[in-house]
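Report on one structure; see the data block that follows.
Below, chain A is the first sequence line, B the second, and so on; all start at residue 1.
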Amino acid sequence: MNAIAIKHNDQIIDLQTAEQLGFEGEQIHLDNSEDSLEVLRHSTAHLMAQAIKSLYPDAKFYVGPTVKEGFYYDFKTQTEIGEGDLKKIEKQMLSFAKKKYPIEKYEISMDEAKVKFADDHLKLAVMERIPDETVSIYKQGEFEDLCRGPHLPSIGLIRYFKLTKVSGAYLGGDSKNEMLTRIYGIAFADKESLKAHMEMLAEAAKRDHRKLGNEMKLFTFREEVGAGFPIWLPAGGRLRARLESLLFKAHRKRGYEPVRGPEMLKSDLWKTSGHYQNYGENMYFTSIDDVEFGVKPMNCVGHIKVYEDELHSYRDLPIKYFEYGVVHRHEFTGALHGLFRVREFTQDDAHIFCTVDQIEEQIIEVVDFVDKIMSTFEFDYKMMVSTRPEKAVGDDKVWELSTQALKNAMDKNSLPYEIDEGGGAFYGPKIDIKITDAIGREWQCGTIQLDFNLPERFELEYNGDDNEKIQPVMIHRAILGSFERFIGILTEHYAGEFPMFIAPTQVAIVPVADVHKDYAKQLSDKLIDINTDSEIYARNDSLNKRIRVAEKTRVPMIVVIGDEEIKNKTVAIRDRRTREQYNLSEEEFLTLIQTKVNEVNF
RNA sequence: GCUGACAUAGCUCAGUUGGCUAGAGCAGUUGAUUUGUAAUCAACAGGCCCGGGGUUCAAAUCCUCGUGUCAGCACCA
């Protein structure tokens with residue numbers, strides 16, 4: 001196989017450039033390696049631009065880089081381009097590719113380039129950002145584009161690609177600028193990989209929690225209710241209740257006290273906390289008897305009021321309050337996305353009030369809590385430690401201490417973490433927990449934040465051992481993040497096949513005929529006694545039909561009972577995944593269920 | 001919020017260049033059938049075609065303003 005580029009000093013260089021400069025290096029062949037795909041996809045972006053230019057001659061192009069999920073090109077045309085046009089563009093791309101135009105590179109001075117692209121304000125905008133004296137132009141057939149490269153030697157090498165999305169994107173990623181059209185695409189070296197990629201996308205679509213949530217009757221949204229306000233249906237309610245009760249127990253074990261703050265508080269309080277000034281745009285306000293109130297977007301102020309309810313001694317610390325806090329945030333309509341991004345949601349929120357000396361051990365405890373939960377759900381996760389940002393409040397020494405405390409906590413647990421330099425909150429550094437789901441996508445859920453700002457603003461204090469007044473530190477933490485987002489992620493992670501301990505329904509009972517209904521009911525009652533939800537499928541349908549319906553609900557276990565079972569006091573179990581059947585005595589069955597339902601403790 | 005697309009029965013979707021009483025499958029109801037591991041048969045019922053305004057002899061279909069949804073951007077927990 002011929003090389004498509006070479007790697008010289010860790011830089012990918014196209015063949016033409018390498019020859020001109022006499023560079024040598026490791027050959028890159030057309031395969032699905034990272035380097036090869038980089039070149040291939042970049043050239044595919046150019047091929048797409050060539051096709052667009054031929055179909056829409058007035059098209060002007062901005063930039064067309066490769067990204068994690070393929071490539072895109074931003075451009076502008078007079079005609080509007082929609083999803084339906086992608087096929088047409090793909091077809092044109094293929095017909096160009098068949099002509100096997102070589103990709104030729106030449107260089108011109110910046111001044112010449114500015115003349116050459118004088119009537120193209122987008123290219124001029126690109127050149128604004130290039131400090132060099134000369135720029136390179138790549139030419140394939142009639143089409144020329146300003147580009148740094150590297151590119152394939154010929155567009156004939158491009159065969160297996162797909163245009164996936166069309167949308168808008170701001171010029172330079174700045175919402176103040178004009179909006180361009182962006183088309184995303186993907187390319188691979190061989191047909192199989194493209195096919196596998198498209199199948200992976202289809203798999204992701206199948207797992208989409210919005211689709212599954214609808215099918216499984218977990219939750220819904222309604223136009224007349226309002227955007228971003230989820231409605232929890234019975235099945236979703238059961239799932240959520242199981243999660244809540246498991247987590248409640250886990251909090252109590254770790255010394256957290258349940259508390260609850262009001263849904264809205266006077267605006268003056270939000271001014272004290274700084275939310276009014278810094279977060280007001282995302283808040284909902286109302287007026288009661290001429291006094292302005294703000295609906296809470298976070299729970300911290302409520303918990304501070306709990307703390308203030310009595311005087312505290314250093315002997316009391318740490319104090320941990322937790323609440324399944326319902327919060328409202330005004331998100332942009334365009335940001336809303338199923339349960340992942342909503343306007344009303346419930347956080348598994350807690351605030352730990354402690355001394356500066358206790359920060360580290362408290363962080364360790366929370367990190368351990370996070371690990372317990374994430375590993376139970378078989379999530380891979382990573383943590384990011386975010387350090388002091390440019391704009392920050394508080395003493396340098398405290399920042400250093402607290403940042404080090406976060407890092408120590410991670411090191412002591414031998415947990416790997418990445419540093420996000422300057423990514424902390426203005427009041428303190430934080431650890432963000434990013435989980436990776438079953439098909440490799442990352443989601444930010446939990447967060448652990450050190451806060452020196454709110455204790456200061458609310459003048460919180462405790463009595464030290466010399467009876468002096470000392471300001472406590474607040475640790476703000478959420479583990480799931482929110483029940484909404486976490487359940488959305490869980491749904492996609494398990495593709496709706498929830499494990500027994502959180503499944504909306506644990507067991508489906510299918511009596512063979514009407515005469516077996518009583519036994520089914522007895523069994524169902526016994527299951528309730530061991531904290532297990534079951535559903536009896538006794539409708540006037542064929543046995544096959546009822547088993548099919550039960551299967552489709554993704555219930556973890558189906559038991560069929562008929563004459564045989566009643567006579568022998570057994571149940572016939574049908575496994576969700578393998579569809580295999582086996583028999584257990586009723587006693588064994590109940591023990592098995594009890595074990596499975598209660599096997600998880602966070 | 002921005003760009004583009006979309007909105008028809010509980011759900012998934014048909015509905016031709018504006019033209020008769022807006023259709024189908026599933027789900028639902030009612031019968032018949034009483035079933036041994038993925039769809040028994042039949043009948044019935046279901047709609048302000050997202051909501052206001054407009055154009056037209058005539059609007060699910062065209063225009064317009066909202067609302068909601070989708071893709072991405074931007075924002076962000």
Problem set entry | Touch class at under 4.0 angstrom, heavy-atom based, for A:Ala572 against every strand present | base
Exercise. With a 4.0 Å cut-off on heavy atoms, is A:Arg574 in touch with a base, just the backbone sugar-phosphate, or nothing at all?
Worked result: base
For this session: Indicate, with yes or no, if the rings of A:Tyr321 and A:Phe353 have centres closer together than 6.0 Å.
Result: yes
Exercise. Hey, does A:Ile547 reach any base, or is it just sugar-phosphate, or nothing, if we go heavy atoms under 4.0 Å?
Worked result: base
For this session: Check every strand shown and say whether A:Thr333 touches a base, only sugar-phosphate, or nothing at a heavy-atom separation below 4.0 Å.
Result: base
Identify all side-chain donor-acceptor contacts of residues 61-71 of chain A below 3.5 Å with residues at least two apart in sequence or on another chain.
residue	atom	partner	partner atom	Å
A:Thr66	OG1	A:Glu38	OE1	3.1
A:Thr66	OG1	A:Glu38	OE2	3.1

Exercise. From B:A74, B:U37, B:A38, pick the nucleotide closest to the side chain of A:Tyr170?
Worked result: B:A74
Exercise. Reckon A:Gly334 touches a base, only the sugar-phosphate, or nothing at all at heavy-atom distances under 4.0 Å?
Worked result: base
Seminar exercise, completed: Per-nt protein contacts along nucleotides 25-34 of chain B (heavy atom under 4.0 Å; B base, S backbone sugar-phosphate only, - none) come out as --SS---BBB
Problem set entry | Spacing between A:Asn177 atom CG and B:U3 atom C1', to the nearest angstrom | 14 Å
Exercise. In residues 209-223 of chain A, which residues come under 4.0 Å of RNA chain B by heavy atom?
Worked result: A:Arg210, A:Asn214, A:Glu223
Exercise. At under 4.0 Å between heavy atoms, what does A:Glu580 touch on the DNA or RNA strands: base, sugar-phosphate, or nothing?
Worked result: nothing
For this session: Compare side-chain N and O positions of A:Ser167 against OP1 and OP2 of B:C73 and report whether any pair is under 4.0 Å apart.
Result: no
Exercise. Which part of the nucleic acid, if any, lies within reach of A:Asp563 when heavy atoms closer than 4.0 Å are counted: base, sugar-phosphate only, or nothing?
Worked result: base
Problem set entry | Polar side-chain contact A:Glu69-B:G72 base: donor and acceptor under 3.5 Å | no
Problem set entry | Qualifying ring pair (Phe, Tyr, Trp, His ring centres under 6.0 Å) pairs with a residue from residues 547-579 of chain A, counting only residues at least two apart or across chains | none
For this session: For A:Val342, report the nucleic acid contact type (base, sugar-phosphate, nothing); a contact means any heavy atom under 4.0 Å.
Result: base
For this session: Determine the contact category for A:Ala227: base if any of its heavy atoms lies under 4.0 Å from a base atom, sugar-phosphate if only primed atoms, P, OP1 or OP2 are that close, otherwise nothing.
Result: sugar-phosphate
Seminar exercise, completed: Note on RNA chain B: ranges paired as stems (three or more Watson-Crick/G-U pairs in a row, both atom distances under 3.5 Å) are B:1-7 with B:67-73, B:10-13 with B:23-26, B:28-32 with B:40-44, B:50-54 with B:62-66
Seminar exercise, completed: Applying side chain to side chain contact (heavy atoms under 4.5 Å, CB included) to A:Asp451 and not counting sequence neighbours gives A:Tyr427, A:Asn453, A:Leu454, A:Pro455, A:Met474
